[in-house]
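Below is one structure, written out as structure tokens; the observations come after it.
Because only heavy atoms are used, hydrogens play no part in the values below, and waters and symmetry mates are left out as well, while side chains stay in. Reminder, nothing fancy here: chain letters follow the sequence lines and each chain counts from 1.
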Amino acid sequence: MALLEVRDLEAQYGWTKVLHGLSFAVEEGGITTILGANGAGKTTTLRAVCGMVKTRGEVRFDGRAIAGRATEDLVRLGIAHVPEGRGTFVNLTVEENLRLGAYARAGRGSLADDLQAAYRYFPVLAERKRQLAGTLSGGEQQMLAVARGLMLRPKLLLLDEPSLGLAPLVVREIFRIVRTINQEQRVSVLLVEQNAAMALRLADRAYLMETGRMVMSGSASELREHDTVRRAYLGY
Amino acid sequence: MDILIQQVVSGLATGGIYGSVALALVMIYEATDIVNFAQGQMAVVSTYIAWSLLNAGAPYWAAFLATLAISFVGGLLLERIVIRPVEGAPVLTVVIVCIGLLVILNSVLGWIYSYIQKPFPSPFPDRPIRIGNVYFGAHDVGALAITVLVLVALYAFFRFTTLGLAMRAAAQNPASSRLCGIRVGWMLAIGWGLASLIGAVAGMMVAPIVTLDPNMMAGILIYAFASATLGGFTSPGGAVLGGLIVGVIENLVGTYVHFIGTELKLTVALAVILIVLLVRPSGLFGRAAVHRV
Amino acid sequence: MPSRALRLGLVVVLAGAMVLPFVVTNFRLFQCAQVFIYAIALLGLNILIGYNGQFSLGHSAFYALGAYTTAIMIDQWSVPYGWTIPVAGLLCLIAGFLFGIPALRLEGLYLALATFALALAVPQILKYFEHWTGGSQGIVLSKPAAPKGVPLNPDQWLYFLTLFVLLVLLVLARNLLAGRTGRAIVAIRDNPIAAQAMGVNTALYKSLTFGVSAAYTGIAGALSALVIAFVAPDAFDVFLSITFLSGIVIGGLASISGAIFGALFIQFVPNWAQDISKAAPWAIYGVFLIGFMYVMPRGIAGAVRLGAARWWRRRAEPS
Amino acid sequence: MLKKVLLLMLMTAFGLGMLAPAGAQTVVGVTATEIKIGNTNPYSGPASAYGTIGKVIGAYFKKVNEEGGVNGRKINYITYDDAYSPPKAVEMVRKLVEQDQVAALFQTLGTPTNSAIHKYVNQQKVPHLFVATGATKWNDPQHFPWTMGWQPNYQTEGKIYAQYIMKNFPDAKIGILYQNDDYGKDYRKGLHDGLGEANAKKMIVMEQTYEVTDPTIDSQIVNLKNSGANVFFNVTIPKFAVQAIKKAHDLGWKPAHFLNNVSSSLATVLKPAGVEASRGLITALYMKEITDPQWKSDKGYQDWVAFMKKYYPEGALDDQSNAFGYTVAHAMTQVLKQCGNDLSRENIMKQAASLKNVEFPLLLPGIKVNTSPTDHAPIEQEQLAKFDGERWATFGELYDASKK
Amino acid sequence: MTPSSEPILAVRDLTIRFGGIVALDSVGFDVADGQIVALIGPNGAGKTTLFNCLSRLYTPDRGDVLFAGRSILGLGPHRIAELGVGRTFQNLALFPTLTVLQNVMIGLHSKTRSDFLSNALRLPWVGREERAIRAEAMELLDFLDLETVAGHPAAGLPFGTLKRVELGRALAGHPRLLLVDEPAGGLNHEEVATLGKLIKTIRDSRRVTILLVEHHMGLVMPISDKVVVLDFGRKIAEGTPAEVQRNPDVIRAYLGIDEGMTR
């Protein structure tokens, strides 16, 4: 069953239309990735799902229509969005950042347990928990951003370019953790990524996006074998 | 020596006033990221509310608490009604709206209550405390204590409560806060409510000293700005300390630097602040903004 | 934006401005001169805040410096008034530049508050140097008459004088902002570090911009001393700075026409406010302030620009 | 292209300038049924507390009009907001003179604002009557024949205290606290002049100033006390007067305390400062202090209260400004009455300058208004009074500045 | 391409501390004229800090930076562009309210000279200079395929496009040395290949030496003449791409054990 289902989604910034009737789905428990060239509208798609831009079309989450609802309400339904550029609170400590991640689910489950879990996935954060987030390196900030998303105990995790600006080793580390999380916590993941090789290896389902439309979809391995994708995204 | 101590003491008393208003300013800056020029005027409104309650025969502390409650709700509503339409507009637009609010409140108060100053009671004894040759106004001491109390309460609130944390987050990074499920608009409104509440405390502590009139806070607000700047706009404790420092410096300069005397005392106080800022551009206790390239 | 329509509009406005002095009363001319003066001051402030991103709540200080320069030169040394205007401008340029140097270290809020302190200190300082400034009594001047042979009464003459100065300064500002310097000024506002990396000497540019801005405001102050024929410390309190700030925000930040819209606002809206209610004119004024910001959060110039863009869009693609 | 157009327009402009109308009339602002009187007051801005004067005057003229007006004419009272700003005052006064064409200006308020229009109104030859400020310069008929003051000026009052001090405290050590503006400095100068150079040097041990924007004046009082002064000349506006009285008391400083007339209100100064602290204060009065219980049954006071209730119900009954405006409006009405049917500006000025021993209901008994072409200071008498814990008890003789 | 004997850029013993953390620890390397040199390393290794030292935004505690044989540490940051060092920024540092064209025109700031006075008076030569600036900026936009967005404000364009605008802006100053910080961010494989070609073209046709910070090995390896690897503020390797890829320290700290090439 699809956890997230998007049909005919349109969105615009000012006078420029960015999404032109987009449809896709994220399976429950799976990892879905959206590939696409620079400027294809991938980031906008995630923002549209979260109610951060004005949209038209249908978005269903967990069987409920959610299009047009406020971002903060969607978060309460269990959608955690780790935005491009990470969106850390640079003037708050690492632990405060994590506590904020759990803000919308206040009451459900123990905060301490979740902090423990986050620190287990990302041991480096435990070392830095009293430090201001602004003093972390890029990789650590990305980990913090993912960890903050996890604190929500989300059903769906939206990851926007987690590899951006990160060293290969760190990218692999983060992807490894995302997979672990997906398996251990049964969190579904929607991943937008330039690093197609990594993304396709991680995901079980993939979409290819061009100028605001989905032009191809299939299982990750299917796309990996596809000529166009190979040439443009994988380079062999 | 006595006069030095007496001047320091009276400087601390005046500085306590500056500090309490500065605290409200810093508070709203922390919680909403704007400097509210109407802050002082809101405090005056609160004080008039207290005055009306007292005049209607309410006992002091009942009126005090009622005023705090009314001020909190009032600040909250002001944000929701007046500020909300310009949420997301350029900072200066919000500043102008605050100035508009300032003149409206001032004018309406004058209209309702007239500009005649009104005596306002102090909850503390009238008789000064005398130690040696130095006199402490009982009200001054009490007011300072209450300011410190508010400060501690605030610190605890922002440091240890989830709501306090969420408010700080909302002010710093609204977009990310939304992604954490924080209702940013309401956080701002609560910030206004709290600042208004602190302003009410400041107003009720100031009014017995300077008497109540619609322009009561005009002069004080200037010093409060100076204090908050000196202490650092991001540090509530710094604001209070900044107030005390400004109060004392001003008195000592006025007393001991004769060619300046009292005529240029404000100018000197401002110059001191300017110098401090040049050495520490974010004030004594302020946090430097994080810059990343 | 079609520049032909714009130019035509400009010519019409200018023609109107030329004929105006002969069809309206002297009092109205006096008001117009005030508007021109405010427009000059706002233009200066807008260059600093709108274009360069440096906040100032202290421009009443430069306005005062300009006004007192003119007043003292005329009153104490009997200098012909015409000379005092460039001197006031120059003096404010230097003062602004010098103030701009320490201001470099301050950002946003702190700069605003440092300049606020300047505005607060100025009336006190003016009173302190009583020998020059006449203390709190101020200095009374004579209203300058038109030069011999020019058949204009003093109000008409001052109208043309202020209009002329405004036009010159408008053109200079437009030129400045349109070229290499203007781009650098805006670049500093948008991203100071990148501007530096492009070779912009941000320290120098910021200080110079501060100076230019102060010079504009100082010239406005000098003209106001002539038009009001009186200076006193009370005329230059921090409220004036706040009025200027309101003027540029209402008029429209980072726009040249915004200075004129803003000047019209700060000159006339308080008058309307008191026509509506004498009981609480400030309340009405406040409502105007807030109302304008609600309807036009980017100022009048911003709204005009948006409106024009919409109109052209609609005309361009009739659907 | 643009330049040519500009040049052409300039030339036409100058051409038109030749045709500009010239000439003026003499009887302005008067019709068969009304006379226009202009006023500016600070209804907004930092000095808006004084705005009530402009309002109570309006209320009084309304009363006059309801009672039939003056010599059959209604008073059309036009008042504008000057926000206590000199430029705004110039604008508004020009509007009154040029646009509204008022017959006379009356009770324009404030020293800086009136200074700004002083020259203009005299050039325009518009009566500029009973200006609401205590500065001395309004009484200068030789240079400014169209301007006339109203209340006793601050310098005179300072002199009164000086004389009293010299007589009663030959060994006085005087400490002065004054507001750092023309108001404070006038008082200070009056005291200095009254003492004479030698005495002033000997007696004055400390002078302290404050700014109207200062929140408190504690520091100044501490210094004054410490100077060893046994006479305290307190030149402060009500807000600071309360603080000064209280603080001196709190510090256990008990000098002979002279409080300027500006802050003589029982309700808003002495009572808030504390009756005990205020006992023994000395001030100079020319009006009945309306919150002083001794006037409760005074007819003038009762009439005023009745007037307030009927015509200006929102006005505060403990605000001396409302009594002030009421009284000065009386005087204006008196001038207009004296004018008869000749309401030319010249005659208005002439009549204003020929008030002879006129008494008004809220002036202290015995205080008479006198003017002449060489005397543009209507009220020059004052009487000292001491606060006895309940009321201002006048004592000594009436002091008359015009007789010195 | 024969690199001249004297390096155009020489970094000597560069050390900088922030608080207690040593961000750069005695780093030294040369960049020969006409080379493309890549600077790689984990996040937080000090690559951007090094860039900031080179463009004088930071002042090192120890060491020296020689550009064309001359120390630049005594110069203010704005003088660096005049000397002929251009740069781009990792997280974009464009002027958002200005158009793409204006952004690039500002890149010419260091090569032009009209000032406050001459601009305000619009002296005749200022007009000529202004036209020249515009023409050159347009030419650059053409070169970078950006002419369609010339009039668009920088804010709101896609990340990858903005990266190219930054490149154009940096090139406008006619740099002899170009510091490029993560140009491949937000690009897919095909786009990265194009970018690689572009960088080479820039080097060859504009005679610019290039120092590159990049994580994308697909970009770095094919085009670099030399690769310098930083880790925890120290240089751990330096050499040709092939040498560096084989270096065990580099693999451990940065590339990871397997599939070093993919990214």
Proximity breakdown for B/Arg168 and chain A, heavy-atom pairs closer than 4.5 Å: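 Answer is side chain: those atoms of B/Arg168 sit under 4.5 Å from chain A.
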Considering only heavy atoms and a distance below 4.5 Å, find which of B/Ala175, B/Ser177, B/Gly181 pairs most often with chain A.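 Sorted descending by pairs with chain A, the first entry is B/Gly181.
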In plain terms, say whether A/Arg7 and A/Glu58 are close enough for a salt bridge, that is, a side-chain N and a carboxylate O under 4.0 Å apart. yes
Indicate the ring-plane relationship of B/Tyr223 and B/Tyr18, choosing parallel, tilted or perpendicular according to the 30° and 60° boundaries. parallel
Any chance you could measure B/Ile99, atom CD1, to B/Asn36, atom CG, to the nearest 0.5 Å?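 Reported to 0.5 Å precision, the distance equals 10.0 Å.
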Among A/Arg148, A/Arg99, A/Arg153, A/Arg120, find the residue that satisfies the salt bridge (Lys or Arg N to Asp or Glu O under 4.0 Å) test when tested with A/Asp114. A/Arg153
With a 4.5 angstrom heavy-atom cut-off, is it the side chain or the backbone of A/Met52 that approaches chain B, or both, or neither?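 The side chain, not the backbone.
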